[in-house]
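These notes concern the structure reproduced below.
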Amino acid sequence: MNIRSNWSTDEILEILESPLMELLYRAQTVHREYHEDNTVQLASLLSIKTGACTEDCKYCPQASRHAKATGLKREPLMDVDDVVMKARRAKEAGASRFCMGAAWREVKDGEDFDKVIRMVKGVRAMGMEACVTLGMLNQDQADRLADAGLTAYNHNLDTSPEFYGDIISTRTYQDRLDTLGRVRNAGITVCSGGIIGMGESLWDRARLLEVLSTLDPHPESVPINALVPVEGTPLGNRKLIDPIELVRMVATARIVMPKTRVRLSAGRAMLNREAQILALMAGANSIFYGEKLLTTDNNDTEEDKQLIEDAGMKVAEAGCSEAGCSSCS
Ligand code: SAM
Ligand code: DTB
Ligand code: SF4
């Protein structure tokens, strides 16, 4: 099967809505063809700068305008040595990718960015993949991150272009796409996905997958998050989504972006073992691993390792996880 970058909304919507057994069968067939290694990558997350963000993303506990209602404590940028120590612990626990998140609207040149560059170098020196998510970037900043050896840059599109304005007003969809373009230009791999369960329609979900799958090349990594409704945020009262909706989203992402690492991301803590195994069967081949995501709780690490073993899959080793990696494909 060839890799397509011309999917239409209708085609994707048809897949997303197809009978569950057909959807799972098709997704698993694609998955086996492109991911013979049968691995799940363990990626650990660390919030290197927490809260006090000027953006107004309705889902996010880190926006300063939600701080009073959420009670989230802001933390300045961490020290480089502390971050590298956390990465070392994550590696010892089995993670091969270390993702660092900062609650910034955009990167500003100066001392803080210089520290992030040193963090990236420190993580790479341990043989782990390094990913950062720092908000918007200019080309020079993307190039500096590439020079530091950054593996991937995470910058989510979150939802469809049409629903985006209902969730965020302080930046545009085009701003997001522009940053992704700079990341690609710099030669860093692209990590971009979205969130379901924010009140969007199935059509919006199909549109998000359309935007991602018509990028050429596809993002190497697509995180699929379920909204974690955090009390005090504007979406804090939203009902948890049905886990099967998450499974459908993962399966559809797998079918339209066969080579991509699809990451079962936020919201996994609300899934039981069976639902997580269904998501792995549907083509998810990475999870966030560690007791915390950025500010919210994540699944237990021992249970995660057991789950992967019980599912008959293997933990991906460092340096052997990117789509297109010569050792994997
Ligand atoms: N500030 C940077 C940015 O927005 O790109 C990086 C950090 S931001 C917290 C990273 C991603 O976390 C967001 O794009 C969003 O997709 C996800 N996220 C944040 N809060 C979430 C929540 N409550 N539930 C699910 N995903 C969430
Ligand atoms: C992504 O798509 N999900 C992660 C990571 N990329 C940076 C973040 C999830 C955050 C969930 C809410 C929190 O813990 O603050
Ligand atoms: Fe800021 Fe990122 Fe949270 Fe939006 S998602 S408020 S940009 S930290």
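Since the model is a prediction, treat every value here as computed from it, not as a measurement. Note: hydrogens, waters and symmetry copies are ignored here, and every other heavy atom, side chains too, is used.
Neither Leu293 nor Val123 shares a network with the other; the hydrophobic side chains, linked directly or stepwise wherever heavy atoms of I, L, V, M, F, W or Y lie under 4.5 Å apart, form separate groups for each.
The residues Lys49 and Glu75 are annotated as not salt-bridged, no charged nitrogen and carboxylate oxygen being separated by less than 4.0 angstrom. With salt bridges taken as basic N to acidic carboxylate O contacts below 4.0 Å, one links Asp304 and Arg268. A salt bridge between Asp114 and Arg144 is present, with a side-chain N of the basic residue lying under 4.0 Å from a carboxylate O of the acidic one.
Of the possible polar contacts, none joining the Ser213 side chain to the Ser5 backbone as a donor-acceptor pair under 3.5 Å is found. Under the 3.5 Å distance criterion, the side-chain polar atoms of Thr151 are matched with a main-chain donor or acceptor of Ala130. Panel note: side chain Arg124, backbone Gly149; a donor-acceptor pair is recorded below 3.5 Å. In this structure, the side chain of Glu210 does not engage the main chain of Ser8 through any donor-acceptor pair within 3.5 Å.
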| task | Could you walk me through whether Ser192 and Asn156 pass the side chain to side chain donor-acceptor pair (under 3.5 Å) test, one step at a time? | result | CA-CA 4 Å; Ser192 186; Asn156 289 340; 4.7 Å; no

| task | Let me see the working for Arg273 and Asp310 under salt bridge (Lys or Arg N to Asp or Glu O under 4.0 Å), right down to the final yes or no. | result | CA-CA 10 Å; Arg273 272 167 55 83; Asp310 292 349; 2.9 Å; yes

| Stepwise side-chain contact (heavy atoms from CB on, under 4.5 Å) check, Leu227 with Ile241 | CA-CA 8 Å; Leu227 175 74; Ile241 56 143; over 6 Å; no

| Could you walk me through whether His35 and Asp37 pass the side-chain contact (heavy atoms from CB on, under 4.5 Å) check? | CA-CA 5 Å; His35 301 273; Asp37 62 327; 3.8 Å; yes

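Test Arg263, Arg184, Lys259 against Glu220 for salt bridge (charged side-chain N to carboxylate O under 4.0 Å, His left out) and you get one pass: Arg184.
Between Val262 and Ser286, the closest side-chain pair of non-hydrogen atoms is not below 4.5 Å. Using a 4.5 Å cut-off on side-chain heavy atoms (C-beta onward), Leu208 and Phe163 make no contact. Taking 4.5 Å as the limit, every side-chain heavy atom of Val315 sits out of range of all side-chain heavy atoms of Val40. Taking the side chain as every heavy atom from C-beta outward, Lys314 and Ile308 never approach each other to under 4.5 Å. The shortest distance between side-chain heavy atoms of Pro161 and Arg207 falls below 4.5 Å.
Counting only N and O atoms by type, the side chains of Asn272 and Gln276 include no donor and acceptor under 3.5 Å apart. Using modelled atom types and a 3.5 Å distance limit, the side chains of Asp109 and Gln141 yield a donor-acceptor pair. Defined by atom type and a distance below 3.5 Å, a donor-acceptor pair is present between the side-chain atoms of Tyr59 and Asp158. Side-chain polar atoms of Glu200 and Thr159 form no donor-acceptor pair below 3.5 angstrom. There is a side-chain donor-acceptor pair under 3.5 Å between Thr39 and Arg261.
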